[in-house]
Amino acid sequence: MAKLSDPITILKGIGPAKAKQFAALNIFTLQDLICHFPRGYEDRTKIHLISQLEPDIPACFRAVVMGTPRTGHIRKGLDITRVQVADSSARLNLTFFNNRFAAQQLQYGEEYIFYGSVSGDYGGYGMTNPVFEKPDSEPVTTRRVLPIYPLTAGLNNAAVLRAVAQALSLCDPPAEILPKEIRQEYGILGADRAYFAIHQPSSMEEAELAKKRLVFEEFFVFSAGLALMRAAKGGKHVQPYEDLDLSPFYDRLPFRLTGDQQKAIGEILTDFGSGAPMNRLVQGDVGSGKTMVAAAAMYCAVKNGAQAALMAPTEILAQQHYASLTKIFAPLNMETVLLTGSMTPKQKQTVRSQISEGTAQVVIGTHALLSDTTEFAKLGLVVTDEQHRFGVAQRSRLSGKGDDPHLLVMSATPIPRTLALLMYGDLDVSVIAELPPGREPVDTFLVNESYRARLNGFIRRQVAEGHQCFVVCPAVEENEELGVKAASVWAETLQKTVFPDLRISLIHGQMKSAEKEAAMAAFARGEADVLVATTVIEVGVDVPNATLMVIEDADRFGLSQLHQLRGRVGRGGSKSYCVLVSHSRNSESLMRLKALCKTTDGFRIAQEDLKLRGPGDFFGSRQSGLPAFRVANLSMDLETLQNAQAASARWIDTQGTADTPEAAALRQRIGELFRRAEGTMN
Ligand code: ADP
Ligand code: MG
């Protein structure tokens with residue numbers, strides 16, 4: 001018997017050279033090898049008749065060799081072996097390239113099991129390079145479900161397959177960490193079977209069961225780890241807020257809050273009164289009204305003698321929050337200040353001293369808030385808007401400027417729920433599912449250049465009705481990227497040749513901050529009809545009178561980004577539209593865009609995006625500090641994650657510190673997983 005911690009070099013066939021190749025896959029020990037899971041399977045269990053074979057679909061069949069294989073030397077480096085085989089249904093010509101093994105092994109009159117796909121290539125109907133085995137041999141490449149492994153240069157699937165099989169025969173698989181009751185409740189395989197079944201499944205169904213078990217296990221370990229962390233963080237005490245009456249604030253609002261907004265605020269007030277620091281995520285789709293929830297929280301904090309800070313990812317958004325919140329806070333005698341990177345040193349200094357003296361009660365800003373020179377007198381509440389734009393580290397850096405301040409994290413749905421649970425597993429969650437009343441879904445259309453005249457007419461009609469339009473382009477200047485619309489050029493074209501009578505304005509990321517601010521403010525005041533923009537307007541921007549969003553070269557954007565952009569319209573009471581313009585002929589990108597036309601559900605769109613781009617891309621590579629999950633496909637396994645979380649929470653509550661082998665094994669696994677996660681963050 002070997003141990004899981006033994007190096008893979010104890011296996012037959014793995015010397016220093018092979019070990020190096022395995023090392024490239026982070027495989028050093030037998031445990032690493034056993035935890036190197038297949039990325040997929042080929043079902044080679046069913047034996048077909050030759051007459052049943054379909055072009056390009058690989059399958060197994062059993063056939064007799066009808067002659068002696070003939071090998072021809074075509075040119076240097078190219079030998080071709082041909083032979084005919086047959087079963088009771090048909091004959092089939094086989095062709096092998098440079099395969100001396102086939103030429104030697106296949107015996108006239110003998111029967112073999114083959115696996116391959118037929119096609120019309122290479123001089124007529126037939127099959128090239130099938131694999132084959134004798135019917136009485138141990139099934140390796142035929143008559144089985146074949147796992148397909150992630151590979152690296154020099155290491156083929158067969159080599160990994162052999163190594164894994166050896167490892168499994170030499171040592172026990174990793175210990176069981178899931179209690180029996182939980183396995184029974186969720187219909188989950190035991191560890192002893194699962195590790196064999198994931199590598200050597202007897203059927204596709206068994207492979208699925210094994211995968212389910214291992215995904216569950218991975219999530220279970222991860223969420224148990226988070227629960228333990230949270231338990232360790234708990235127990236901190238802060239002075240509970242005593243004045244939880246928000247009616248003066250509510251009286252200032254021009255609308256009634258939605259039920260979900262009220263519920264979220266209620267949850268925040270409960271946290272404020274609890275005596276423990278709040279750690280809360282408010283998650284709601286674009287336009288669901290998260291800002292007012294944050295405003296209520298900030299009002300309450302200030303009322304109780306604390307300072308509140310709101311950090312936004314862009315200047316435009318910070319300025320907009322500042323403009324709309326001062327309107328509410330000023331009559332309530334709350335001193336509100338803005339701090340952004342583009343202010344002059346003198347301005348910044350003035351604001352910073354207001355912050356450090358405590359005369360500024362509400363501080364709204366960008367990353368500038370994080371700078372060392374920003375000191376707070378008594379920071380009691382930290383709010384981060386559009387949290388997915390910030391790393392976890394920035395969140396905690398701002399918190400560090402106070403004494404265990406309350407934390408409120410706001411995020412639009414582009415974080416798929418699975419990822420949100422993982423990233424924010426240490427936070428309580430308030431969900432705003434409901435949109436403010438009177439909002440109709442934004443009608444979305446996909447068009448190509450042939451609709452240009454109609455689109456222009458549509459823009460004109462919206463403006464004639466007193467509304468405004470956004471036109472978003474993927475680039476700022478023409479030469480940036482060939483073939484895509486550039487905002488500055490397009491704005492000029494629209495003004496000069498298409499809409500000489502309309503007021504066209506321009507905003508993009510390369511403009512000076514003051515210019516951006518002026519352009520945005522003017523548009524918000526209705527001083528322009530059409531705002532041509534880049535994605536600087538992607539998050540947060542709020543102009544309720546805008547009813548049309550035109551996105552040029554829409555295939556250049558990610559789905560979640562398009563959804564965010566679309567969220568800039570449909571914010572007033574009027575019917576709103578989004579037109580996606582694309583010249584793409586790529587059927588896949590067109591399908592994605594069509595999918596966006598059909599749904600306005602941010603969760604589903606984000607999920608789709610995640611499938612296409614993967615979690616790494618979703619946040620910018622490796623930013624999130626998430627562990628690299630081995631089996632769990634984040635886009636697919638929401639239900640499993642939820643089950644695993646519920647189970648692990650119960651487990652931690654009841655037996656987290658129990659003295660059983662399972663509990664000990666779990667604690668060890670948690671340690672390993674989190675060490676891996678840290679490794680990927682640096
Ligand atoms: P998001 O959740 O995307 O940050 P905002 O907070 O920007 O959404 O709100 C979107 C728009 O809806 C704003 O114009 C805001 O004033 C308005 N709004 C927010 N809450 C309500 C409400 N309860 N009733 C009507 N309009 C609301
Ligand atoms: Mg917002």
Side-chain angles (χ1 to χ4, degrees), residues 246 249-266 268 280-299 310-329 364-366 383-390 408-415 420 429-442 467-468 470 520-521 523-526 535-547 549 560-574 576 578 600-603 605-606:
L246 302 191
F249 168 79
Y250 292 135
D251 292 343
R252 296 293 319 157
L253 297 184
F255 40 68
R256 263 181 66 85
L257 294 176
T258 64
D260 279 353
Q261 283 173 318
Q262 286 173 26
K263 189 158 156 266
I265 294 171
I268 290 168
R280 184 166 292 281
L281 166 69
V282 173
Q283 192 166 38
D285 208 349
V286 204
S288 60
K290 295 182 289 293
T291 316
M292 281 311 133
V293 173
M298 291 191 279
Y299 171 74
L310 166 61
M311 183 163 72
T314 65
E315 296 237 345
I316 291 186
L317 191 49
Q319 277 148 5
Q320 187 184 288
H321 281 323
Y322 176 71
S324 58
L325 291 177
T326 17
K327 251 188 250 159
I328 299 172
F329 290 156
I364 294 166
T366 54
V383 184
T384 55
D385 193 15
E386 307 293 348
Q387 169 68 36
H388 62 288
R389 293 293 197 91
F390 296 110
L408 188 62
V409 166
M410 301 198 291
S411 192
T413 38
I415 314 166
V429 183
S430 297
V431 175
I432 308 186
E434 159 188 34
L435 293 183
R439 296 273 178 82
E440 274 181 81
V442 176
H467 293 304
Q468 292 163 283
F470 292 105
M520 200 61 232
F523 186 67
R525 286 195 301 267
T535 50
V536 290
I537 61 156
E538 176 186 338
V539 287
V541 166
D542 188 37
V543 180
N545 188 45
T547 51
M549 166 65 66
S560 292
Q561 207 176 12
L562 291 170
H563 179 62
Q564 282 277 343
L565 285 168
R566 173 168 65 182
R568 299 306 112 219
V569 296
R571 309 187 132 231
S574 312
S576 296
C578 175
T600 51
D601 179 344
F603 279 120
I605 291 163

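Each ligand, and each atom within it, is numbered from 1 in the order the structure gives.
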Need the ligand 1 atom indices (1-based, order shown) with element for anything under 4.0 Å from a heavy-atom of [X].
{"X": "T291", "value": "4 (O), 5 (P), 6 (O), 7 (O)"}
{"X": "R256", "value": "22 (C), 23 (N), 24 (N)"}
{"X": "R439", "value": "10 (C), 11 (C), 12 (O), 17 (C)"}
{"X": "D542", "value": "11 (C), 13 (C), 14 (O)"}
{"X": "L257", "value": "23 (N)"}

Contact partition for [X] relative to ligand 1, non-hydrogen atoms under 4.0 Å:
{"X": "M410", "answer": "neither"}
{"X": "T258", "answer": "both"}
{"X": "R571", "answer": "side chain"}

Side-chain donor/acceptor of K290 to backbone N/O of V282, under 3.5 Å: no
Short side-chain to backbone donor-acceptor contact, S576 and S574, under 3.5 Å: yes
Quiz: residues 252-261 side-chain donor-acceptor pairs under 3.5 angstrom, not counting sequence neighbours:
unit_1	atom_1	unit_2	atom_2	d
T258	OG1	Q261	N	3.2
T258	OG1	Q261	OE1	3.3
D260	OD2	A433	N	2.8
D260	OD2	E434	N	2.9
Q261	OE1	T258	N	2.8
Q261	NE2	G289	O	2.8

Where I364 and A318 come nearest, the two heavy atoms and their spacing: CG2-O, 3.5 Å
Parallel, tilted or perpendicular: ring planes of F470 versus F523, cut at 30 and 60 degrees: tilted
Test of proximity, G284 against ligand 1: N or O pairs below 3.5 Å: no
Ligand 1 contacted by G287 (non-hydrogen, < 4.0 Å): yes
ring-ring contact (aromatic ring centres under 6.0 Å, His included) partners of Y322, counting only residues at least two apart: none
